[in-house]
Amino acid sequence: MKIKAVLFTMTFGIVVVLVGCGPKIDPPDNSSGTATVKVGRTENGLLYEFGVVAVRYDETTQQETDLTDGVPSAAVNDFFLTRGYTPKVKGLIIDYEVISFSSDVDPYPMLEQIRNIPGVVEIDLHVFHKTSELLFASSLDYSEEEQHSDVLSVGQAIVEVGRMKDGALYELGVVLIQYDEMRATEATTTKAVNNFLVRKGYAPKTINSFSGFVVIDVGKSIDTAPMLRGIEAIPGVISARLNLLHTTLAVIRGEIDVPGMSLF
């Protein structure tokens with residue numbers, strides 16, 4: 001199989017190389033969503049995790065802080081304790097500590113206060129990366145000179161996403177479909193999937209197509225989990241999956257459900 005080395009720029013200016021070993025993806029059991037939860041959205045359209053921040057210290061504080069244990073620096077730890085939270089270090093992203101303090105608190109309003117804590121050099125949100133974004137990155141013949149990003153200005157907000165029984169989060173209103181090119185033409189499969197969604201009262205729109213998948217916008221805030229089995233029953237469809245959300249820490253650790261991709 002063709003190996004594709006892809007430079008994928010993530011949050012904090014970290015450049016990650018993803019290695020793709022083929023487009024086939026075996027989706028998890030996504031028979032139905034169980035709930036919706038709230039996450040944040042930045043001005044540039046990035047989704048981020050509630051109750052988590054990523055902090056980088058100055059050289060002196062780094063030397064005084066054991067970045068491998070479960071407690072952040074003394075000053076950052078006190079900041080959260082005085083507000084009634086018990087912070088815990090979830091892991092490292094290069095020299096950033098990923099700190100969790102509460103599962104249902106928007107960290108966005110705290111950023112400036114944390115940035116002013118002595119010893120803190122930078123503070124960031126812990127953003128999510130969609131499966132569609134990872135697939136898109138793996139489909140590129142990418143060089144550093146060609147690297148660019150389109151900034152989407154949508155305004156900072158709190159939005160809802162779906163949550164599976166196992167805790168996995170996914171974008172509402174989007175489904176990823178993989179077709180069997182040996183059994184059906186693109187025209188017939190696209191028409192059949194479109195008709196299936198239209199009969200349910202939706203107005204589907206194709207967003208993009210890459211790595212053997214077509215990304216379809218079904219409609220704002222629509223839970224796509226219950227429709228996956230129906231789409232997979234359409235002749236010519238190999239799989240239908242949710243647009244799962246993966247935190248930066250999970251991607252860095254390789255804890256993602258996109259087989260054939262790893263840090264290089």
Side-chain angles (χ1 to χ4, degrees), residues 8 23-25 27-28 30-49 127-140 148-164 168-181 184-247 251 256-258 261:
F8 186 59
K24 178 100 170 57
I25 289 182
N30 292 328
S31 56
S32 64
T34 60
T36 60
V37 298
K38 296 184 184 301
V39 300
R41 186 185 68 197
T42 69
E43 295 88 340
N44 295 336
L46 295 174
L47 301 180
Y48 62 87
E49 189 176 11
V127 305
F128 291 106
H129 305 278
K130 303 172 185 178
T131 295
S132 59
E133 294 169 345
L134 298 177
L135 287 170
F136 175 67
S138 72
S139 72
L140 297 176
H148 69 280
S149 61
D150 297 324
V151 176
L152 175 65
S153 180
V154 292
Q156 194 272 334
I158 296 173
V159 299
E160 286 191 337
V161 298
R163 183 178 65 190
M164 302 303 297
L169 303 183
Y170 60 96
E171 182 182 21
L172 296 175
V174 176
V175 62
L176 281 62
I177 300 175
Q178 184 181 22
Y179 296 120
D180 184 349
E181 297 179 358
T185 65
E186 182 178 353
T188 57
T189 52
T190 300
K191 183 177 180 180
V193 170
N194 185 76
N195 289 342
F196 173 86
L197 295 171
V198 168
R199 286 196 300 269
K200 289 184 172 294
Y202 307 130
K205 297 178 182 179
T206 298
I207 301 174
N208 216 326
S209 177
F210 38 73
S211 297
F213 282 83
V214 174
V215 184
I216 296 179
D217 180 355
V218 178
K220 185 178 180 181
S221 301
I222 294 173
D223 187 0
T224 50
M227 65 182 71
L228 296 186
R229 289 182 177 176
I231 295 174
E232 289 184 336
I234 297 173
V237 173
I238 293 178
S239 68
R241 63 178 290 121
L242 302 171
N243 204 16
L244 294 179
L245 305 179
H246 315 270
T247 64
V251 175
I256 55 177
D257 75 323
V258 185
M261 293 183 179

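The CD atom of E232 sits 12.5 Å away from the CE atom of M227 when rounded to the nearest 0.5 Å. Between the NZ atom in K130 and the CG atom in L245 there is a gap of 7.5 Å [rounded to 0.5 Å]. Within the model, atoms OG1 of T131 and CG of L242 stand 8.5 Å from one another, a figure rounded to the nearest 0.5 Å. L197 contributes atom CG, which lies 8.0 Å from atom OH of Y202 (distance to the nearest 0.5 angstrom). Atoms CG and OG1, on D217 and T206 in that order, are 9.5 Å from each other to the nearest 0.5 Å.
Here the side chains of V218 and V174 are not in contact, with every heavy-atom distance at 4.5 Å or above. Residues T190 and Y179 meet the side-chain proximity criterion, which asks for heavy atoms closer than 4.5 Å. Contact check for L47 versus V159: side-chain heavy atoms found under the 4.5 Å cut-off. Under the 4.5 Å side-chain criterion, counting only non-hydrogen atoms from C-beta, V39 is in contact with L169. Side-chain atoms of V175 and I231, non-hydrogen and from C-beta on, do get closer than 4.5 Å to each other. Side-chain contact between F128 and H246: absent, with no pair of heavy atoms (C-beta onward) separated by less than 4.5 Å. Within the 4.5 Å cutoff, no side-chain heavy atoms of L176 are placed close to those of V214. Side-chain atoms of I222 and L172, non-hydrogen and from C-beta on, never get closer than 4.5 Å to each other.
Scored by the side chain to side chain contact (heavy atoms under 4.5 Å, CB included) test, I234 finds A192, V193, F196, V237 as partners (sequence neighbours excluded). For N208, the side chain to side chain contact (heavy atoms under 4.5 Å, CB included) partners at least two apart in sequence or on another chain are F210. Residues passing the salt bridge (Lys or Arg N to Asp or Glu O under 4.0 Å) test with K38 are E160, sequence neighbours excluded.
Side chain of T224 to backbone of G173: no donor-acceptor contact under 3.5 angstrom is found. Although no hydrogens or angles enter the test, the distance criterion places no donor-acceptor pair under 3.5 Å between the side chain of Q178 and the main chain of I238.
Residues T42 and Q156 bring no donor and acceptor atom of their side chains to less than 3.5 Å of each other. Between the side chains of S132 and N243, at least one donor N or O sits under 3.5 Å from an acceptor N or O. Under the 3.5 Å distance criterion, with hydrogens and angles disregarded, a donor-acceptor pair is assigned to the side chains of D223 and Y170.
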